[in-house]
Amino acid sequence: DGSPDKNVFDIMQGVAIIIAVKRSEPEGPKNLARVFHGDLWGTREAKYQQLWDGTTSALAAHDVSPDAAPWRFKPTNKVLEAAYQAGFSVVDLF
């Protein structure tokens with residue numbers, strides 16, 4: 001909406017809020033955790049309201065569980081990432 005993006009804490013850096021749950025699992029292969037991502041933009045009051053009224057599934061709706069390196073924990077275009085990884089490194093030129 002064009003309004004300034006305000007921080008919910010009185011600090012200058014960006015803020016990440018992580019909600020993690022560790023569950024004990026029976027013997028067998030370990031399942032990797034699923035990772036979800038969400039962004040909140042806007043005024044401090046609007047963010048407080050969204051955090052108060054929202055659910056974790058609504059606030060972090062994008063499943064960004066990494067399946068291979070590079071381990072990015074944000075939404076990425078997997079097709080573009082594969083094309084980028086298929087390229088060559090500048091180091092390989094010299």
K47 side chain near D5 side chain, heavy-atom distance below 4.5 Å: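 The answer is yes, as the side chains (C-beta and beyond) meet within the 4.5 Å cut-off.
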CG-NZ distance between D39 and K74, expressed to the nearest 0.5 angstrom: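 Between atom CG of D39 and atom NZ of K74 there are 10.0 Å.
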Exercise: identify the closest heavy-atom pair between [X] and [Y]:
X   : Y   : result
Q50 : L59 : O-CD2, 3.7 Å
P75 : V64 : N-CG1, 3.5 Å
A46 : T43 : N-OG1, 3.1 Å
K6  : R44 : CB-N, 3.6 Å

Flag if over 12 foreign heavy atoms under 6.0 Å of OH, Y48: yes
Short side-chain donor-acceptor distance under 3.5 Å, Q49 and E45: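 No pair is found: no donor N or O on one side chain lies under 3.5 Å from an acceptor on the other.
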Co-membership, hydrophobic cluster, residues F88 and V90, 4.5 Å side-chain: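 Same hydrophobic cluster.
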